[in-house]
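Take a look at the structure below.
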Amino acid sequence: MSDEHARESDLLRQRRDNFRQLVALGVDPYPRQYERTHTVDELVSAYGGAGGEELEAAQPLARTAGRVLAIRSFGKANFLAISDGRSKIQVYIRKDALSERDFAIFRLLDFGDFVGVDGRLFRTKTNELTIWASSLEFLAKCFLPLPEKWHGLTDVETRYRQRYLDLIVNPDSRRVFEIRSRVLAGMRSFLNGRGYLEVETPMMQPIAGGALARPFLTHHNALDIPLFLRIAPELYLKRLTVGGIERVYEINRNFRNEGISTQHNPEFTMLEFYQTYSEYTELMTLTEEMLSAVATEAIGTDQITFGEHQISLAPPYRRVALREGARSAAAERLRAVVDEADLRRQESVLGIAQRLGIDVRPGWGAGKITTEIFERLNEHRLIEPTFVYDFPTEVSPLSKGKPGDPDTVERFELYIGGFEVANAFSELNDPAEQRRRFEAQLAERAAGDQEAHEMDEDYIRALEYGLPPTAGEGVGIDRFVMLLTNSPSIRDVILFPLMRPRHDVV
RNA sequence: GGGCCGCUAGCUCAAUUGGCAGAGCAGCAGACUCUUAAUCUGCGGGUUGCUGGUUCGAUUCCAGCGCGGCUCACCA
């Protein structure tokens, strides 16, 4: 501790004094373990419905432990509230029911300390399930004052930086991460039940492929090679499909070196899955089933509240072709007739974008501009689950073309709540065509697009061994959890979102 | 990166025109045998994010910096 901290605040000094007095009593301030008969949560589950007379007759014994979240003293009658992080239970402390040592421990407790209690369960006059303590053990000290119990911790910066404080005092925060865990379990269970194999593919890659994004760069010392943190697992998962794993998925982090917002964290969790002998419309049906089932498993219903909106995740979802969506929205905005053919020609679509006031970078082709028009005009309005399908080839270097339409690929994105939740396509499995697509991307990269895809010769070689007809999809887990937990920011569903480091941490 | 907003006690928040920096909760001492935001009495607690400037005097006005939030840009 530096000089500023040499003068302890009263709050810290008092807690340290209590700690010293415990040690002076001969209490081990850091015992090794404490055997519980129940967690607090188990007690509440098991006896939450039991009445006072029932408990009086059964005299159930309980030995449990937790963090002290409230101390209410009345001279000879005292109450603690202890929490196991999930549930709370009250403890009744009477001087005449405890040894002198244990009561002395009680007198030295601070808000936030950990204790173990042993006693019988009963209900108080106010019908609160309570442990009548016959022994009290000190388990660990809380030296720093916790946030106040009534208002809790609302400062978002502290909630993100010191998530443990958020979890201690805000039950809703704990709830968010329990739902997140159930979403992950639900997705695994859904996919495992359909014959998918869960795998793990490299997160450090010599070529960052599978998506259009800027990567993080790192370095391996022994091999003396640059490595990228992956922006997507896609190309590796499809190599596994070449290898005969017909249904495969991975749930893990992707890393993209881009801005931070309420919908973007530099590392985020993605489910990516592939199934052979399928094309993209089959994945629409699968997605509807999966999101509805996972929602029901995670929160008990597929009807959600997100901000102002009530949203149903029950199938079927709306379907809108991208060009038609862009065309109709542009026509509506401009109060003019717009033909889909206008969107396919660079000069005409550029004129439409300019009239709409949408910025277009030099070098963008008709497909990129059309996609931009669609996203600008429609994305925030796509509240009900909506599949936007049939994307321009130009923005989809890994998707299979639509028969008879070289400008269009079999791809969809799913929007819910005004943002993109999933992205899927029929996989391009023609190695010659894949090479041409990569070369087109290289040209864009040469023209200054840092997010254009790199050439990946090894991936093309894999395709040359034969990738069966395959459809694949990525689902943004963080965003889906935002929807299920009514969280306005992605930081609310990531335990430790990336924050600029502070150097003045106290 | 741009724009707007915020930063005051451990937490949640006040502070009039620039005039001694406050409250609730938490804490400490005391009272109280069933409370649960316990109550009652009393008492402590501050480098007002940081650095400068203007001023007799700055939480307040100005400038710069730091961190955050929202938003736009970029993306998923």
Side-chain angles (χ1 to χ4, degrees), chain A residues 4 7-15 17-18 52 69-81 88-97 110-112 122-130 132 142-162 165 168-170 210-214 231-232 254-270 272 358-359 361 371-372 375-376 379 395 413-415 419-423 449-451 474-480 482 488-491 497 499-506:
Chain A
E4 306 97 81
R7 183 195 51 76
E8 288 180 333
S9 78
D10 281 353
L11 293 170
L12 303 187
R13 186 175 43 74
Q14 285 156 4
R15 282 169 183 261
D17 281 351
N18 283 342
L69 289 187
I71 304 173
R72 296 181 284 273
S73 290
F74 301 84
K76 292 189 178 111
N78 306 275
F79 296 93
L80 300 177
K88 282 193 266 190
I89 196 165
Q90 181 166 268
V91 179
Y92 184 44
I93 303 282
R94 282 186 67 96
K95 188 173 185 189
D96 57 17
D110 284 304
F111 184 41
F122 75 111
R123 283 194 183 268
T124 61
K125 286 177 189 168
T126 49
N127 206 35
E128 174 92 6
L129 182 65
T130 303
W132 191 308
C142 176
F143 288 106
L144 299 177
L146 291 174
E148 182 222 340
K149 63 190 170 189
W150 182 239
H151 295 92
L153 180 67
T154 60
D155 179 77
V156 290
E157 184 174 353
T158 307
R159 287 187 48 225
Y160 300 150
R161 287 186 191 277
Q162 293 178 271
L165 292 180
I168 290 168
V169 300
N170 294 331
L212 306 180
R214 295 173 64 183
I231 57 176
N254 291 341
F255 307 87
R256 299 190 183 174
N257 206 339
E258 286 152 3
I260 294 174
S261 78
T262 50
Q263 287 164 32
H264 302 83
N265 193 61
E267 55 178 308
F268 63 101
T269 300
M270 188 107 155
E272 240 180 65
I358 293 174
D359 266 349
R361 297 204 185 159
T371 306
E372 184 75 9
E375 288 179 355
R376 287 306 183 79
E379 179 168 357
V395 296
E413 289 184 348
L414 172 63
Y415 287 83
F419 52 77
E420 184 187 337
V421 173
N423 179 23
D449 183 355
Q450 293 178 289
E451 290 169 2
V475 178
I477 299 297
D478 313 277
R479 289 183 177 179
F480 187 56
M482 286 169 66
S489 171
I490 199 168
R491 295 182 202 93
M499 304 281 278
R500 193 182 292 275
R502 293 187 67 126
H503 303 293
D504 59 340
V505 170
V506 175

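First the proteins, then the strands, lettered A, B, ... as listed; each starts at 1. Both backbone and side-chain heavy atoms feed into the values below; hydrogens, waters and symmetry mates do not.
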Polar atom pairs between nucleotides 31-33 of chain B and protein, under 3.5 Å, N or O only, would you list them?
{"unit_1": "B:C32", "atom_1": "N4", "unit_2": "A:Gly75", "atom_2": "N", "d": "3.2"}
{"unit_1": "B:U33", "atom_1": "O2", "unit_2": "A:Arg94", "atom_2": "NH1", "d": "2.6"}
{"unit_1": "B:U33", "atom_1": "N3", "unit_2": "A:Arg94", "atom_2": "NH2", "d": "3.2"}

**Message:** Checking contacts here: which listed nucleotide (B:C28, B:C11, B:U35) is nearest the side-chain heavy atoms of A:Asn18?
**Reply:** B:C28
**Message:** Considering every strand and a 4.0 Å limit on heavy-atom distances, what is the contact class for A:Asn265: base, sugar-phosphate, or nothing?
**Reply:** base
**Message:** Please determine whether a side-chain nitrogen or oxygen atom of A:Arg161 lies at a distance below 4.0 Å from atom OP1 or OP2 of B:G68.
**Reply:** yes
**Asked** Using a cut-off of less than 4.0 Å, is there contact between a side-chain N or O of A:Thr262 and OP1 or OP2 of B:U71?
**Response** yes
**Message:** When both hydrogen-bonding distances must be under 3.5 Å and the geometry is Watson-Crick or G-U wobble, what is B:G19 paired with, if anything?
**Reply:** B:C56
**Message:** Using a 4.0 Å heavy-atom cut-off, does A:Phe143 contact any base of the nucleic acid, only the sugar-phosphate backbone, or nothing at all?
**Reply:** nothing
**Prompt:** With both distances under 3.5 Å as the test, what is the Watson-Crick or G-U wobble partner of B:C4?
**Reply:** B:G69
**Message:** For the residue pair A:Arg123 / A:Gln90, report whether a side-chain donor-acceptor contact shorter than 3.5 Å exists.
**Reply:** no
**Item:** Selected nucleotide, minimal atom distance to A:Glu128 side chain, candidates B:A73, B:U35, B:A76
**Value:** B:U35
**Prompt:** Should A:Arg376 be listed as having a side-chain N or O under 4.0 Å from OP1 or OP2 of B:C74?
**Reply:** yes
**Phosphate OP1/OP2 of B:U12 contacted by A:Thr154 side-chain N/O (<4.0 Å)** = yes
**Prompt:** Given that both distances must come in under 3.5 Å, which nucleotide forms a Watson-Crick or G-U wobble pair with B:A9?
**Reply:** none
**Message:** Applying the Watson-Crick and G-U wobble criteria at under 3.5 Å, what pairs with B:G64? Answer none if nothing qualifies.
**Reply:** B:C50
